[in-house]
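All remarks here apply to the structure that follows.
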2 protein chains.
Amino acid sequence: MKKNKISIKDIAAAAGTSTTTVSFILNGKADHKVSPALIEKVLRIIEEKNYRPSSLAQSLRTGKTNTIALLVEDISNPFFSGIARLIEERAAKSGYKIVYSSTENNPEKTSTLLDFFQEKQVDGYIISPPDGALEDILKLKNKNIPVVLFDRHFAETNMNHVVVDNRLSSQTAIKHVINNGFKNVGCITLNSHQTQMAGRLQGYNDAIEQAGLKKYILNIDYKAGENERMVIEMAKFYKANPSMNALFFCTNYLAILGLEAMQRSNLKVGKDFAVVCFDEHDLFRLYSPPITVIAQPLAEIAENAFAILLNEMENQSNIKRVEMIEIPATLIIRQSTSNFSNFSITGSVF
Amino acid sequence: MKKNKISIKDIAAAAGTSTTTVSFILNGKADHKVSPALIEKVLRIIEEKNYRPSSLAQSLRTGKTNTIALLVEDISNPFFSGIARLIEERAAKSGYKIVYSSTENNPEKTSTLLDFFQEKQVDGYIISPPDGALEDILKLKNKNIPVVLFDRHFAETNMNHVVVDNRLSSQTAIKHVINNGFKNVGCITLNSHQTQMAGRLQGYNDAIEQAGLKKYILNIDYKAGENERMVIEMAKFYKANPSMNALFFCTNYLAILGLEAMQRSNLKVGKDFAVVCFDEHDLFRLYSPPITVIAQPLAEIAENAFAILLNEMENQSNIKRVEMIEIPATLIIRQSTSNFSNFSITGSVF
DNA sequence: AATAGTTAGTAAATCGATTTACCAAAAATA
DNA sequence: TATTTTTGGTAAATCGATTTACTAACTATT
């Protein structure tokens with residue numbers, strides 16, 4: 001029945017000193033307050049007993065947890081997990097730990113998560129917010145808790161955020177498709193008010209209108225676990241618009257469903273449709289033919305989001321500032337948007 | 001300059017009662033200790049002030065955090081993120097929160113993470129351990145902290161774990177390939193001592209030996225960020241073994257690299273190679289041709305791992321028991337392992 | 001020698017909860 | 001009426017750290 005948890009008291013007792021002294025030593029505040037001999041002795045005992053301060057107790061006392069909550073839409077999406085990994089790395093350098101969770105784009109789950117992390121008193125939040133989470137997030141702001149949004153933000157409120165130039169990069173991508181000879185470009189997007197989706201749709205609209213072409217738009221009511229329904233909706237959309245010869249998917253998981261719908265409908269990328277997709281994915285790189293994408297600059301997004309948050313957390317002047325950053329995305333052209341006659345020459349699969 | 005954080009004291013003061021009483025009410029221990037009128041009043045005030053107890057303080061006092069650490073190899077791998085999501089759901093039902101992190105198969109990072117979570121005093125651990133983490137994990141056991149391993153375990157120690165029958169399911173898969181007429185099956189695996197990899201390799205060896213065929217084995221020294229090197233190694237492997245006409249990839253990310261290597265070498269699944277892979281992935285389902293996989297039963301793994309942990313956390317009898325569970329995996333047959341002549345008839349791509 | 005400054009330390013309050021031990025008043029019982 | 005039980009409640013210790021305010025013993029200065 002050995003005593004399990006050792007505390008600062010045990011260390012103090014073993015060293016024949018006070019907890020104050022041990023605490024000073026632990027926090028590097030011992031410089032001219034504690035004799036070198038005692039410092040060394042205490043450190044030795046700490047080492048021997050393999051003592052680690054309880055961060056629970058530390059945080060209770062100091063009000064700092066050195067922990068940041070990262071709320072993403074879906075951690076299994078490579079866009080978000082890529083961001084998460086980069087932020088985690090960056091945060092470690094500044095002594096912060098990241099804890100992440102998926103909101104699944106569900107405002108209720110988000111609300112629960114925010115409550116949870118507030119109880120844990122994390123120091124700051126990096127959030128890709130779902131529709132409907134504005135109110136809960138504003139509550140954070142009102143408590144002066146540092147928050148940065150990314151991937152999307154709330155048009156009706158000025159809050160720190162880091163996003164890409166969804167509109168312009170989408171427009172560029174659609175123009176590329178049109179210039180390659182595809183005059184009937186469809187757009188598959190989410191039925192959502194999220195700013196990034198709105199931006200991508202606008203980019204599509206811009207390009208189509210400028211070229212004076214016809215619009216084909218499908219709004220998908222996205223729900224996790226209802227893949228079957230969504231695949232069927234897309235297949236119907238394809239069937240209902242036989243003139244459509246190109247598709248713009250507004251996000252990677254829509255494209256994955258869309259490819260599945262093609263497979264079932266016996267339609268092929270590079271034969272029946274040119275395809276371009278917002279967001280990168282292993283699948284797109286390795287697909288036959290490889291699929292053109294708009295790739296987001298993960299490193300810049302992660303770096304900027306963290307930098308803004310760090311500033312808010314550590315600069316406690318009472319000047320209030322809001323930082324809103326928009327970063328360009330990159331069009332990676334692959335064979336899925338090649339002119340089909342060209343393609344059938346160079347590609348070997350068709 | 002309003003006071004920001006409200007505590008149980010504020011509630012007690014506002015209700016003209018003691019913190020003891022408030023605490024009893026919060027914890028449902030008020031039944032015959034506090035009058036209904038007072039209970040109602042306190043609850044009303046809590047509601048009004050939107051008070052939430054600091055879980056930091058609660059945990060410090062009670063020693064429980066109701067939090068479980070889930071350490072996976074890589075949260076962006078759909079196998080692990082799928083497991084994470086299921087465990088998270090299951091844990092919520094029992095009042096636990098999951099915090100997850102990626103070890104990246106790095107024992108040092110794992111060690112750091114374990115320290116971090118111990119400081120935070122999480123109640124238990126679910127871990128897919130990297131090679132070399134045994135010592136740190138044994139330290140947890142010695143402190144009587146509940147731990148369950150999954151996906152792999154340590155052959156030299158009996159610890160709670162949940163894995164699939166790697167050996168048998170691999171053997172079955174390879175037999176299927178052989179029976180479809182492919183007599184020169186290669187195996188690409190990790191250069192690692194992890195039990196799941198060893199099991200998969202054994203399954204391959206079993207099947208090849210039983211059929212009296214030649215082995216082609218490539219051990220990849222996996223390092224994140226060195227994709228280029230690994231792709232090149234695989235391409236060389238293909239080139240060096242022109243007789244090889246089928247491939248078994250021991251895990252999904254190896255297969256993704258392997259497909260990239262084929263693309264660069266102008267080799268094709270369903271024409272140059274039959275392919276089977278351990279673990280499911282969107283890419284495999286949607287590839288042309290779709291790729292045969294050994295799919296792990298995520299729900300059963302998650303359910304069993306959590307159940308074992310819950311039992312350890314809540315049943316504090318001093319009976320020590322170890323639970324080791326092996327679950328069958330499922331072979332999902334797709335066109336990548338069809339007999340090529342058949343395939344070229346039914347498939348339309350070739 | 002008297003005073004000021006430095007060195008090396010500690011006691012006790014505090015963060016925000018839970019929980020034990022105790023108590024006064026009212027109700028029930030003898 | 002005296003005693004016991006029940007009801008309704010609280011004071012204070014505690015979890016494990018940090019931090020403020022203080023002090024005793026030297027050393028240096030004038």
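Given the structure is predicted, the values throughout are model-derived calculations rather than measurements.
For the helix from C/dA1-D/dT30 to C/dA30-D/dT1, the end axes, each set by the C1' atoms of five terminal pairs, are bent relative to each other by 60° (nearest 10°).
In this structure a side-chain-to-backbone donor-acceptor pair under 3.5 Å is present from A/Asp10 to A/Ser7.
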Side chain to side chain donor-acceptor pair (under 3.5 Å) assessment of A/Arg90 paired with A/Ser94: CA-CA 7 Å; A/Arg90 176 64 190 79; A/Ser94 299; 2.9 Å; yes
Begin from the C-alpha positions of B/Asn105 and B/Glu73 and carry the test side chain to side chain donor-acceptor pair (under 3.5 Å) through to its verdict. CA-CA 5 Å; B/Asn105 246 348; B/Glu73 176 176 332; 3.3 Å; yes
Run A/Ser23 and A/Thr20 through side chain to side chain donor-acceptor pair (under 3.5 Å) and show every step you take. CA-CA 5 Å; A/Ser23 175; A/Thr20 307; over 6 Å; no
Start with the C-alpha distance between A/Glu88 and A/Lys93, add both sets of side-chain angles, then the distance that settles salt bridge (charged side-chain N to carboxylate O under 4.0 Å, His left out), and finish with yes or no. CA-CA 9 Å; A/Glu88 191 176 352; A/Lys93 285 185 195 149; over 6 Å; no
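Between A/Lys141 and A/Glu312 there is a salt bridge, with a side-chain nitrogen of the basic residue lying less than 4.0 Å from a carboxylate oxygen of the acidic one.
Enclosure of atom NZ in B/Lys9 is not indicated, since only 12 or fewer non-hydrogen atoms of other residues, nucleotides or ligands lie within 6.0 angstrom. Annotation: B/Glu47, atom CD; neighbour count of heavy atoms from other residues, nucleotides and ligands within 6.0 Å does not exceed 12.
Heavy-atom distances to DNA chain D give each of B/His32 and B/Gln121 a nearest nucleotide, and the one nearer the 5′ end belongs to B/His32. The 5' end of DNA chain D is approached more closely, in terms of each residue's nearest nucleotide, by B/Lys33 than by the other of A/Ile8 and B/Lys33.
Looking at residues 42-61 of chain B, you'll see B/Leu60, B/Arg61 sit with a heavy atom under 4.0 Å from some atom of DNA chain D. Looking at residues 12-28 of chain A, you'll see A/Thr20, A/Ser23, A/Phe24, A/Asn27 sit with a heavy atom under 4.0 Å from some atom of DNA chain D.
Residue pairs meeting the ring-ring contact (aromatic ring centres under 6.0 Å, His included) criterion with at least one partner in residues 6-58 of chain B, sequence neighbours excluded, do not occur; the list is empty.
One side chain, A/Lys120 or B/Thr67, offers a donor N or O that lies under 3.5 Å from an acceptor on the other.
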Ignoring hydrogens and angles, write down the donor-acceptor pairs under 3.5 Å from the side chains of residues 299-308 of chain B, residues two or more places apart or on other chains.
unit_1: B/Asn304; atom_1: ND2; unit_2: B/Glu300; atom_2: O; d: 2.8

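Ring-plane geometry between A/His161 and A/His153 is classed as parallel, the angle between the planes falling under 30 degrees on a 0 to 90 degree scale with a further cut at 60.
Here the P atom of nucleotide C/dT10 and the NZ atom of A/Lys9 are 16 Å apart, to the nearest Å.
Nucleotides of DNA chain D with any atom under 4.0 Å from a heavy atom of chain A span, from 5' to 3', D/dC15 to D/dT20.
When all heavy atoms of B/Ser59 and A/Leu56 are compared, the closest pair comes out as CB-CD2, 3.5 Å.
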